Structure formats: C-alpha cells, structure tokens
Amino acid sequence: MQQLEESTPVEVDAAVRDLWSRALDVVRGELNELVFKTWFHDTEPLGLVGTDILVSVSNTWGRDWLKNRYSGLLSAALSQMSGHAMGVQFVVRQAPGTIDQQPAAVEETFPARDEDLAPQISEPASDAGISPRDPGASSDLSMRYTFDRFVAGDSNRLAYQCALAVAETPVFKYNPLFMYGGSGLGKTHLLQAIGNYIITYYPHLKVRYVDAQHMVDDFTDAIRSKSMDSFRRRYRENDVLLVDDVQALISKKETQEEFFRTFKVLSGGNKQIVLTSDRPPYELETLHERLISRFNHGMIADINPPELETRVAILKKKVEAEGGAAVPNDVLTLIAERASANVRELEGALIRVRAYAVLTPDRTITVELARDVLKGMFPDRATRPISVHTIQNEVCKFFAIPMTDLVSNKRSQNIVFPRQIAMYLSRELTDLSLPRIGAEFGGRDHTTVIHANAKITHLLTERREVLNQIQTLTNSIRQKS
C-alpha cells in the first residue's frame, strides 16, 4: 500500500479510500450488521490531516455519535491497517460534493465521557408526553426520561446496563428484556429512556410504548367496536414494543392470548420487546405458562430500592436539574435516610422541604427545617399499604364533598382541586401505576393524573395553604392506615 503522508486535506486518492475500506472491514467484524449499516454506510474519506484521516458524514448527530462512541475503535483499525498510529476526524457534508474545510469545521475525536453516553433531549412543553419525531414514534413517551437523568447504583445497575445495551443495539443484545421491581424505583424511567434513545439515534425504527392496562382497555374497545385488525396493526407493526406494568395482564385471559400472538409475531420478525413488572415472571399468578416461558427466554433484570449513597445522588441530580436554592448535603442525607422506600417517595420529600423553605419567611433550608417537614411524612412505617379509597375518603372529608362528585365528570373548581389533590396523594403514597390511579377516579386517562401531579407540585411552591393541606392530609391518611 502506498505510504500515507502527513498533510492537510487533499484530493482523495486510491490509497486513502483503500485504507478506510479495510479499516471498516475490521469495524464490521466487531459490530452487528444493523449497527454497522446505521452509522457507517454513508461515511466517506476526504483525505489526511496530519496522521488523522478526515471523514465526512451526512448529519451532525451522526458525526457526534461516531465521535463519541467509535473513534477509539476506528483509530485502532486504522493504525492496524496502516502500520502506524492514526486517528480520525469527522465533518458534516454541507451539500453533495462539497464540504466546509475551514479549520473550525473539523471535529477532533476524544474518548466518550459518561455524560455523552445518552442523547441530550430538550424538555417537553408538557408532562403529558412529546410530539413524535417521526410518524412511528410513540406519543406516550416523555422526554423527561433519558439515560443521562437516571442515577445508577448497585441496586439498579444490571437493569440500567441491560436497558442501555438494548437501546444501543436493538434486537441483538437482550430480546426480550424483562425488568422488575417495586413501584417508584425507575422501571418506567428506563423503559421510556430506551424508547427516547432509539427514536433519537435510530429514527427509521418504529417504537411503541404502552402501559399494559391501556393495552387491556384498548383490546376491550377493539372487541366492542369490532376493530381487531386495527388493534393488531397498532401493536404488531412496530420495530420496538415497550410494555409497562405487564402484571396488569393477570386474570385477563383473552388479552393474554392476543398478547401472546403479538409476542410471537414480533419475536419471529426479529423485533425488540421490553417489558416491566412489579414482580419476576414466576410470581405472575394466573399468567399463561406460554407467556412466562417467553419472558424467561430473554434477559431478566431486577431493580431494588436504592441504597443510601444512590438516594443522595438522586437528590443531588434533581436539585441540579431544577435549579433554585441550594440544598445542603446534610439535608439531602437526612431526606435520603427518611425516604428509603423508592425514588418517588424520595423526590416527594425533597419537593416538600424546598416548598416549606420558600413559603416560610426568613427560613433557609436546614436540617431542623427538614426534620419539621419530614416528621409528618414519615412518623412510622405504615403497618398496611395505603389504598386509593382511603385517600379519597380523607380528601372528601377534608373538603366536605361527596365521593360521587370526586370521581364524577364535574369540572367546577371546588371539585377539580380536591380531585387533583387526591390524585397527587395517590401517586405519592401508593404503589399504583398512573393508569390504575386514573381508573380509580372515574376511569380517567393517565395523562390526567400526570397533569394533576404537576399542578399540585407547582402549587406547593407558591401557596402555603396548599402545602399545609398536603401535610395535614398525609398525616390523617397515614394514621388511618
């Protein structure tokens, strides 16, 4: 092979093209074919910059992804093929046959940092969901859930690593992937992070995220309206199917049968399936053996309550993300010690402590203030689980409204506000999923519960009376339990 000399970019000659082609053959052997075609098929060598080869790609996210994830592998392959140390630099093609060759356009490659491993996605305008990036993207994915916002620790590291592996190489790693753990531990976060990652970096793949309870309701509606063909297309014509809280299929024999057929179609078509549950497959009572066998065929990863260090890290990340007043480390540690059940409880405790400080004149966030707030939230661990019915009863008594109005379709303010309070407390104090909570309030959609939770969380930091009402109701509900 002709010796490659150090120079500025020059017209591409046969030696450079040959070197790049042989380096790609090495890379192809290290990756599965889908990943290789996705990221390397449109790369084009331009010439040499010193001992680096200059390569053009078609867009910025492809450039960034190659730079952050594959520069080391490419440099090793190039060095192996050329016989001396080489690197790689990337630029974006600006038009067919042209490239901006100004020095500022050249992107030097460095090893990927941890914070570069997940896509940076902007905040949504609403918590209810996001606008799909393409016609196949699921509108139920929330952009709040990304890998860079997930705090991994010993309690959840296996699930995190498996979820990231599936997102990076759908189908080829773990299929199906089954993640299980208690409520509020991050299963939905990881499941939606997979979806957001794939529709960002694999925009040609069709992704659907669905809560299993919603699937049950959808199936029932399809039978009633005689639209089963539409139902089947909706769930089977996907490259990636993400099903949350699959335990909702228990005792739903007809839905289980339909889901089993959908599972077979997707699996047989080399499509990715990821599921979450509050328990492992062998504890899913009355679920059909064929489904349990399918679940066990893939990768099973558990998520446990986070240990103290991870809980403190979660709180720090939330404080950094939200901004506002700083929270001392000793306060974060106190919150983490008291709120040990799950992440939802942890974040709820932080919200209340910060809200109390904001709404109390001349009060800074101290350990003493945090103790005052938390003693109402965690007096003693309840001896039995808190039910939505208990929450509804206490809210109705507090606001002097009948239960029938609370779960009705009435939209007057004296009903809507208590209903939002009750939904917020149901989300904070129970282990139920969003669709299950919505079902307890007159069959409402899960987005209504999300809106109620966001509304009350916002009011906690603006109106002292709302904070007092939440504190009082929490105490009475825990006493009843």
Side-chain angles (χ1 to χ4, degrees), residues 127-128 182-184 211 213-214 216-217 245 248 278 338-339 341-342 344-353 355-356 359 372-481:
D127 284 337
S183 179
D211 186 281
Q213 183 59 51
H214 181 80
V216 172
D217 296 339
D245 290 325
D278 62 357
R338 296 289 183 88
N342 56 52
R344 189 184 304 157
E345 183 180 85
L346 194 67
E347 294 181 343
L350 175 64
I351 288 171
R352 291 210 206 173
V353 169
Y356 192 85
L359 296 171
D372 288 342
V373 176
L374 298 178
K375 68 183 179 183
M377 293 186 69
F378 311 105
D380 289 302
R381 285 292 169 192
T383 57
R384 58 195 173 104
I386 295 171
S387 69
V388 172
H389 188 67
T390 299
I391 294 170
Q392 291 172 333
N393 278 336
E394 293 304 306
V395 169
C396 286
K397 285 195 298 184
F398 186 87
F399 289 100
I401 61 173
M403 176 71 76
T404 52
D405 285 355
L406 188 73
V407 299
S408 71
N409 292 325
K410 291 185 177 180
R411 300 293 302 164
S412 57
Q413 183 58 30
N414 67 314
I415 301 298
V416 171
F417 179 68
R419 186 185 295 140
Q420 291 175 333
I421 289 280
M423 288 182 177
Y424 170 85
L425 290 170
S426 297
R427 180 65 173 159
E428 187 175 73
L429 301 178
T430 77
D431 291 339
L432 297 183
S433 65
L434 293 171
R436 288 291 304 279
I437 293 172
E440 295 286 344
F441 286 84
R444 285 176 163 79
D445 189 80
H446 71 283
T447 56
T448 303
V449 184
I450 292 174
H451 173 73
N453 189 72
K455 177 74 172 178
I456 299 304
T457 299
H458 177 70
L459 290 177
L460 281 173
T461 62
E462 288 197 340
R463 292 167 54 183
R464 178 58 184 268
E465 64 270 26
V466 175
L467 178 61
N468 291 339
Q469 289 167 347
I470 292 293
Q471 295 282 73
T472 301
L473 281 166
T474 300
N475 291 338
S476 64
I477 291 164
R478 288 193 179 279
Q479 289 171 5
K480 290 291 182 181
S481 296

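Sequence positions, counted from 1, serve as the residue numbers for this chain. In this text, all values refer to a predicted model and were calculated from it rather than measured experimentally.
In terms of heavy atoms, Leu429 sits closest to Ile386 at O-CB, 3.9 Å. Minimum interatomic distance between Leu374 and Ala349 (heavy atoms only, all atoms of both residues): CD2-CB, 3.8 Å. Of all heavy-atom pairs spanning Val395 and Pro418, the tightest one is CG1-O, 3.5 Å. Considering all non-hydrogen atoms of both residues, Ser183 and Thr430 come closest at OG-O, 4.4 Å. Taking each heavy atom of Leu460 and Leu467 in turn, the nearest pair found is CD2-CA, 3.6 Å. In terms of heavy atoms, Thr447 sits closest to Asp445 at OG1-OD2, 2.7 Å.
The distance from the CG atom of Asn409 to the CD1 atom of Ile415 is 12.0 Å, given to the nearest 0.5 Å. Atoms CZ and CD, on Phe417 and Gln469 in that order, are 4.5 Å from each other to the nearest 0.5 Å. One finds the CD1 atom of Ile456 at 15.0 Å from the CZ atom of Arg427 (value rounded to the nearest 0.5 Å). To the nearest 0.5 angstrom, Ile351 atom CD1 is 4.5 Å from Thr457 atom OG1. In this structure, Glu394 CD and Ile421 CD1 are separated by 14.0 Å, a value rounded to the nearest 0.5 Å. Atom OG of Ser426 and atom CG of Asn453 lie 10.5 Å apart (nearest 0.5 Å).
Evaluation of the side-chain contact (heavy atoms from CB on, under 4.5 Å) rule for Asp217 yields Gln213 as partners, not counting sequence neighbours. In terms of the side-chain contact (heavy atoms from CB on, under 4.5 Å) criterion, residue partners of Asn414 (sequence neighbours excluded) are, by chain and number, Ser412. A search for side-chain contact (heavy atoms from CB on, under 4.5 Å) contacts involving His389 returns Ser387, Gln392, Asn393, Met403, not counting sequence neighbours. Partners of Asn342 by side-chain contact (heavy atoms from CB on, under 4.5 Å), not counting sequence neighbours, listed by chain and number: Leu185, Arg344, Glu345, Asp431.
For residues 399-425, the pairs satisfying salt bridge (charged side-chain N to carboxylate O under 4.0 Å, His left out) are Asp405-Lys410, with sequence neighbours left out.
The shortest side-chain heavy-atom distance between Thr474 and Arg352 falls under the 4.5 Å cut-off.
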Determine whether Leu425 and Leu473 satisfy the following criterion, side-chain contact (heavy atoms from CB on, under 4.5 Å), listing intermediate values before the conclusion. CA-CA 9 Å; Leu425 290 170; Leu473 281 166; 3.8 Å; yes
Tell me which donor-acceptor pairs under 3.5 Å the side chains of residues 435-444 have, and how far apart each pair is, sequence neighbours excluded?
| unit_1 | atom_1 | unit_2 | atom_2 | d |
| --- | --- | --- | --- | --- |
| Arg444 | NH1 | Ser408 | O | 3.2 |
| Arg444 | NH1 | Phe441 | O | 2.6 |
| Arg444 | NH2 | Ser408 | O | 2.5 |

